[in-house]
Amino acid sequence: MDQLKAMRVFARVIDEGSFAGAARALDLAPAVVTRLVADLEEHLGARLLNRTTRRLALTEVGEAYLERCRRVLMELEDAQALVQSATHEARGHVRVLVPPAIAVHQLAKHLARFHQQYPHVTLELHSPGPVTQIDEAFDISILSTKEPLQGDFVARRLARTEVILCAAPEYLQRRGRPQHPQELHQHDVLVPPMAIQQRGIVFVRGRREAPDERIEGECRRGVLTTGHNDTNYAAALHGLGVAALPSFMIEDALMEHALERVLPLWRLQSYDIWAAMPSRKFLPARTRVFLDFLVSVFGGQDHDPWLEAAGCATR
C-alpha cells in the first residue's frame, strides 16, 4: 500500500464529504478510493470512518488521525515547495475556496490569461456558498468580509466592493429615477429576505469614513424576494426592479449600459475581499504565482476597482 497516497485520499474524502466526490476530485475510480481508505484502516488496525447510506462521519480516532494526516501532508508540501522555490518553476495543483458570485463574475474571465502565463499550474475551484473565514483544506480561501480579519493565517487584500442600487434603463424610463432614498417606496426593490426582516436599508451620503448624512430607506416587499444574488441580477437586467448588488457582479452591465446606477450619491455597505492562506514556512511556487496574479488583477487596494472601471465611483 502507498500510505501517503492513502492518506491524501482519506483527507480528500473528508474534504469532499463522500467517496464519490473524492474520486471525482482526484480523477480516480470510486472503487479505488474506497479500497485505499479500507487498506489504510486495515494497516492502522482501526476504523477511521463510520459509513451509512447517507453520510460519512469520522470516528474519534479518525478525527485525531485526520489532524495528524494534514500535518504530515502539509510538511510534505513544504518540502516540495522548498525544492520548487529553488528551481523557480511553478507547477502543480492549487485548491481555491471562493464565493460563487466572485468565481462566476470575476475570477472565471481572468483564468485563461493565468493559464497562458503558468501552463503547468492547474486550479480546482470550490464555490459552495459565501466564504467568511479561511478553510485550511484549501491552498487559498477568497474571503468577503465587513469586519477586520482575525486568526492565525496569512492574508492579502484584493479589493473592496460596494453594494449599490441599480436597474435597467428601460425600468427607470418607465418608473422614474429616484433622487432620494425615501422615494424607493414607490419602486419595486429586489432585496434579500434579511432586508425585509430588518424593515429598511441604511443609506449614507458623503465619505465612507465620515458620512455627511445617514438615513434609513423604506423597504417594502417587492415582486421578488430572494437571497440569491444572481437571480436578483438577472431580474434587474430584464427590468423587474431596482436591485442591491455588489459592484463586482455588475461591472460589465454598467459598462455596457445594460444596468444604470441608482442614487449614485448614496452608499449602502461595502465588503473587503481577501485572499487568505494557512500560515506555512514555505509557500509553494504554484500558490504564490496564483496569489500574485489575483492581487495584480484586482489591484490589492482599499478601493472599489469595478465602480472605477465603470466610471461611476461614489462621489
Side-chain angles (χ1 to χ4, degrees), residues 1-28 30-85 92-99 122-143 145 149-156 274-288 290-291:
M1 179 190 68
D2 184 337
Q3 188 172 355
L4 279 175
K5 182 176 182 180
M7 291 166 65
R8 287 194 182 95
V9 168
F10 168 61
R12 184 55 68 92
V13 167
I14 302 304
D15 293 340
E16 301 294 335
S18 69
F19 287 90
R24 287 191 297 271
L26 295 169
D27 196 22
L28 295 172
V32 172
V33 171
T34 302
R35 178 176 55 78
L36 283 169
V37 174
D39 288 348
L40 183 62
E41 289 180 321
E42 183 177 354
H43 173 75
L44 297 171
R47 179 176 289 276
L48 302 175
L49 293 167
N50 288 322
R51 305 158 175 81
T52 69
T53 55
R54 293 188 176 182
R55 63 188 294 268
L56 296 175
L58 286 166
T59 63
E60 185 176 352
V61 69
E63 189 170 350
Y65 183 73
L66 176 64
E67 182 180 349
R68 298 296 180 91
C69 256
R70 293 202 191 281
R71 292 181 191 173
V72 170
L73 294 174
M74 189 171 288
E75 286 292 332
L76 180 60
E77 285 206 1
D78 280 346
Q80 292 173 339
L82 177 62
V83 174
Q84 288 180 353
S85 64
H93 198 60
V94 180
R95 301 187 75 222
V96 182
L97 181 65
V98 56
T122 56
L123 299 173
E124 179 182 336
L125 302 185
H126 286 248
S127 301
V131 182
T132 58
Q133 58 185 3
I134 188 172
D135 187 331
E136 294 192 356
F138 294 88
D139 299 298
I140 294 178
S141 298
I142 298 179
L143 313 177
T145 68
L149 291 183
Q150 295 181 346
D152 182 22
F153 52 84
V154 177
R156 292 182 65 179
W274 302 84
M277 302 160 292
S279 299
R280 300 179 61 175
K281 184 181 296 184
F282 299 106
L283 185 65
R286 61 182 182 274
T287 305
R288 186 187 69 250
F290 186 63
L291 176 62

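What you are looking at is a predicted structure, and each value in this text was computed from that prediction instead of being measured. Heavy-atom basis, side chains included; hydrogens, waters and symmetry copies ignored.
- Residue I134 comes nearest to M277 through the heavy atom pair CD1-C, 3.3 Å, listed as atom of the first residue, atom of the second, then distance.
- By the side chain to side chain contact (heavy atoms under 4.5 Å, CB included) test, Q3 pairs with M1, M7, L40, H43, Y65, sequence neighbours left out.
- To the nearest 0.5 Å, the span separating CH2 on W274 from OG1 on T145 amounts to 7.0 Å.
- With sequence neighbours excluded, the residues satisfying side-chain hydrogen bond (donor to acceptor under 3.5 Å, both in side chains) with R156 are D292.
- In this structure, CD1 in I140 is found 11.0 Å from CG in L97, a value given to the nearest 0.5 Å.
- Taking each heavy atom of A11 and L66 in turn, the nearest pair found is CA-CD1, 3.9 Å.
- For the pair F10 and L36, the minimum side-chain heavy-atom distance is 4.5 Å or more.
- Atom CG in L48 sits 8.0 Å away from atom CG in L58 (nearest 0.5 Å).
- Partners of D2 by side chain to side chain contact (heavy atoms under 4.5 Å, CB included), not counting sequence neighbours, listed by chain and number: L4, K5.
- For the residue pair D139 and H93, the shortest heavy atom distance occurs at OD2-O, 3.9 Å.
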Report the C-alpha distance between T122 and V94 in whole Å, list the side-chain angles of each, state the deciding distance to 0.1 Å, and finish with yes or no for side-chain contact (heavy atoms from CB on, under 4.5 Å).
-> CA-CA 6 Å; T122 56; V94 180; over 6 Å; no
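- For E67, the side-chain hydrogen bond (donor to acceptor under 3.5 Å, both in side chains) criterion is met by R71, not counting sequence neighbours.
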Using distance only, find each side-chain donor-acceptor pair of residues 12-24 under 3.5 Å and give its atom names and separation, not counting sequence neighbours.
residue : atom : partner : partner atom : Å
R12     : NH1  : E124    : OE1          : 3.4
R12     : NH1  : E124    : OE2          : 3.3
D15     : OD1  : R70     : NH1          : 3.4
D15     : OD1  : R70     : NH2          : 2.7
E16     : OE2  : R95     : NH2          : 3.2
S18     : OG   : G21     : N            : 2.8

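- Shortest non-hydrogen contact noted between V131 and V98 is CG2-C, 3.9 Å.
- Rounded to the nearest 0.5 Å, atoms OG1 (T132) and CG (L143) are 7.5 Å apart.
- Across all their heavy atoms, V61 and A46 have their closest contact at CG1-CB, 4.3 Å.
- Residues passing the salt bridge (Lys or Arg N to Asp or Glu O under 4.0 Å) test with R35 are D39, sequence neighbours excluded.
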